[in-house]
Protein chains: 2
Amino acid sequence: MSRAETSRRGSRPSRAGIRDVAAAAGVSITTVSDALNGKGRLPDATRRHVREVADRLGYRPSAAARTLRTGKSGLIGLTVTTYGDEPFTFTEFAYFAEMARAATSAALARGYALVILPATSRHDVWSNVALDGTVVIDPSDQDPVVSELVRQGLPVVSDGRPAGSLPVTAWVDNDHEAAVLGILDHLADAGARRIGLLTGTTTDTYTHLSTTAYLRWCERVGQDPVYEAYPAHDPCAGAVAADRLLARPDRPDAVYGLFDPNGTDLLAAARRYGLRVPDDLLLVCCSESTVYANTEPPITTLSLKPRRIGTAVVQLLIDAIEGVESDDPVEQVIPTELIVRTSSQRRPPRTTVSPPRSPEER
Amino acid sequence: MSRAETSRRGSRPSRAGIRDVAAAAGVSITTVSDALNGKGRLPDATRRHVREVADRLGYRPSAAARTLRTGKSGLIGLTVTTYGDEPFTFTEFAYFAEMARAATSAALARGYALVILPATSRHDVWSNVALDGTVVIDPSDQDPVVSELVRQGLPVVSDGRPAGSLPVTAWVDNDHEAAVLGILDHLADAGARRIGLLTGTTTDTYTHLSTTAYLRWCERVGQDPVYEAYPAHDPCAGAVAADRLLARPDRPDAVYGLFDPNGTDLLAAARRYGLRVPDDLLLVCCSESTVYANTEPPITTLSLKPRRIGTAVVQLLIDAIEGVESDDPVEQVIPTELIVRTSSQRRPPRTTVSPPRSPEER
DNA sequence: TGACCTTGCAGAAACGTGTCTGTCAACGGC
DNA sequence: GCCGTTGACAGACACGTTTCTGCAAGGTCA
């Protein structure tokens, strides 16, 4: 009347449990658990024997039972912003893909897996999965999801400096203001007299910080601001806004576009108005896409280093989960990288295609 | 000496359990469970009362305990192919992002969440998470992960027709052969005399089917094949291969590129050789990226409809998990869509920029 | 009036682990 | 020869649900 017998009575030969292993190896459940988890004081012979029997039976411990017992699931939530019913935004594809890829790798390397979750406050979907912690991308001010998670005692790390007094455990971000100022100086160095901005109407931190940095720079150098804003989640509106910007009477002779597709948008608009790039118009946009290395001309891009951000976010989160007293600060600023190509150099040394970047580059 | 008292003895006011709710509401645990899950036979008054007390205590059922008890976790694995240590391939970014986005939405709508997992056969990461089923993207022949999962009795649905005798529960794929034949006919109709192919050296099903379809088409119409193959996961190699293709003595007057970046690769190569698109060279590539609507000229692309594929894959999987006798076949073929732009029309009606696609389009 | 059904709810058995406590033998020191 | 110590293991409980079984009260019908 052993439990092994009971479980075998179920019509299916279901999965082998720890009891079956114990019975087959002629030891107790405790010994099996200790042998497989490397705990307790057992002679190596017993340990090896148990491991061999477990392998032979194809034993896989139940993740649910382990989670229930230990309180750790090995699962990390990855919250993505939503527009309407669809998760993710349109403009952040490449950034998000790179960031998620790096985060997945980093989590896997430490034995965790990522669960994709929407940034809605619907409890049913969130409480249906046991999380050890959560990564939040660009949380809005007073985000209800973050508050709820923190209230439950779960560590939350955000990609993007949290607005207001959002009580995140840690955060990682670029210095967006410094990045914008750097680009504006770069364009001015290349000979730009009037620099325009293609920006968004949304209120997220990235858009806000970048725009105010632009306005401050204009004020400092005494240039009138020349910018157009559009709803960044609308893939059509970017081309229209780019056209508007170049159609203005005070047409800029250099433009920085905050969003990924702005490069081709602006390039197309420039062609429509007969403007040569970079001779008549200098161009920079913020993008992680490699297509800008092969456009005509290749376009200078600002990389936010999503891979480094994804890695850092996960490391901070897992440190917090495991209670590691990390030496790293809970606020990490990842430097951006300006990849200078033909479109922002008034006198390019040559007109050859810039060499492709190596794949190891991060 | 109630359990509620016991749990309160723990220094933390941890989370309220079902026992606490039962005690606070003055009913039994059974009644709480039935009231919250809409089961059993309870008067509405009791149901409302229990719900209210649960809300007041901020009760959230433990996902781990529920999973252990019911055997369902509400978690679906999303397996991505890996190159080296990194998950995902470089060339499939836009496709994968769109597909994952649709899959996430579809899963969420039915109460499931997606877990990103690598296609390695390492047991430790797989057995650490309780899955109800798995989506596998482009599984290789004799994939050990798939075999292992099926052996455990988990349903597996693959994006991409499984090679060999891989025992998947269901699969979804495009008709890649028909798509290639359609493109070749389209290019021939536009006046192409010698059509070239930019393909990959990898052995995955997509590359294989597409290439053989091209070779068969060439044989049928009596054209000598003109193609270059390169390792698609290397972002640099594409530009080099495009250059090689146009440098050949038997230079093609039309090219189809199998991978996402091939459009800009080929466009750049064409400019280097002074070839006008579409006058001297017709161009089509397979891509989900919207940048090709704004290149100069806009490039005709083949869309594999990743959103429909992602949705279909998840629906089939959840149907299998929940034992729904679906009317849908277990093998679904999603039609591709050729988005015709200037680059493949020898006599474009006008040279205006093609209108951006509406965001609702799927 | 008893047999029988329905309603409203309580008790307790699982689910499969990890781990605390306890037992038994061997062993060494005094 | 007794006691404390240590090694190697077994028993039992707890994690927090869901659900099967069952009980009592009240109503219906022959």
Visitor: Taking atom types as modelled and ignoring hydrogens, do the side chains of A:Thr31 and A:Ser28 form a donor-acceptor contact shorter than 3.5 angstrom?
Guide: yes

Visitor: Where the side chain of A:Thr31 is defined as all heavy atoms beyond and including C-beta, which of C:dC9, C:dT17, D:dA10 is the nearest nucleotide?
Guide: D:dA10

Visitor: Between C:dT19 and A:Lys39, is there an OP1 or OP2 to side-chain N/O distance shorter than 4.0 Å?
Guide: yes

Visitor: In whole angstroms, how far is the P atom of D:dT17 from the CZ atom of B:Arg19?
Guide: 8 Å

Visitor: Would you please confirm or rule out a distance under 4.0 Å between OP1 or OP2 of D:dT17 and any side-chain N or O of B:Ser33?
Guide: no

Visitor: For the residue pair B:Arg60 and A:Glu148, establish whether any side-chain heavy-atom pair is separated by less than 4.5 Å.
Guide: yes

Visitor: Are A:Asn128 and B:Arg66 side-chain neighbours, meaning at least one heavy-atom pair lies under 4.5 Å?
Guide: yes

Visitor: Is B:Leu78 close to B:Phe96 at the side-chain level, that is, under 4.5 Å between some pair of heavy atoms?
Guide: yes

Visitor: Run the side chain to side chain contact (heavy atoms under 4.5 Å, CB included) test on B:Val136 and B:Val168 for me, step by step, so that the C-alpha distance in whole Å, both residues' side-chain angles and the decisive distance to 0.1 Å come before the verdict.
Guide: CA-CA 9 Å; B:Val136 184; B:Val168 299; over 6 Å; no

Visitor: Classify A:Ile29 by what it touches in the nucleic acid, base, sugar-phosphate, or nothing, heavy-atom distance under 4.0 Å.
Guide: nothing

Visitor: What is the distance, to the nearest angstrom, from the CD1 atom on B:Ile18 to the C1' atom on C:dA10?
Guide: 13 Å

Visitor: Counting only side-chain heavy atoms from C-beta out, which of C:dG16, D:dT17, C:dA10 sits nearest to B:Arg66?
Guide: D:dT17

Visitor: Among D:dG16, C:dT19, C:dG16, which is the nearest nucleotide to the side chain of B:Ser62?
Guide: D:dG16

Visitor: Distance check, rounded to the nearest 0.5 Å: A:Leu68 atom CG versus B:Ser62 atom OG?
Guide: 6.0 Å

Visitor: Sugar-phosphate means primed atoms, P, OP1 and OP2; the rest is base. With that split, encode nucleotides 20-28 of chain C 5' to 3' as B, S or - using protein heavy atoms under 4.0 Å.
Guide: B--------

Visitor: Nearest whole angstrom, please: distance from the C1' of C:dT19 to the NZ of A:Lys72.
Guide: 17 Å

Visitor: Counting distance only, does the side-chain N/O of A:Asp132 pair as donor-acceptor with the main-chain N or O of A:Gly74 below 3.5 Å?
Guide: yes

Visitor: Tell me which one of B:Thr79, B:Leu154, B:Asp143 satisfies side-chain contact (heavy atoms from CB on, under 4.5 Å) with B:Leu149.
Guide: B:Leu154

Visitor: Decide yes or no for A:Ile321 and A:Lys72: does some side-chain heavy atom of the first lie under 4.5 Å from some side-chain heavy atom of the second?
Guide: yes

Visitor: Any side-chain heavy atom of A:Val32 within less than 4.5 Å of one from A:Val27?
Guide: yes

Visitor: Quick one: does B:Arg69 reach the base of D:dT17 with a side-chain donor-acceptor pair under 3.5 Å?
Guide: no

Visitor: Which residues in residues 42-51 of chain B have a heavy atom closer than 4.0 Å to any atom of DNA chain D?
Guide: none

Visitor: How sharply is the helix from C:dT1-D:dA30 to C:dC30-D:dG1 bent, taking the axes over five pairs at either end and rounding to 10 degrees?
Guide: 60°

Visitor: Can you tell me how far CZ of A:Arg51 sits from OH of A:Tyr59, rounded to the nearest 0.5 angstrom?
Guide: 12.5 Å

Visitor: Roughly how many Å is it from CG in B:Leu68 to C1' in D:dC15, rounded to a whole number?
Guide: 9 Å

Visitor: Looking only at heavy atoms, what is the nearest atom pair of B:Ala107 and B:Leu114, with distance?
Guide: CB-CD1, 3.6 Å

Visitor: Of A:Ala65 and B:Gly26, whose nearest nucleotide on DNA chain C comes first from the 5' end?
Guide: B:Gly26

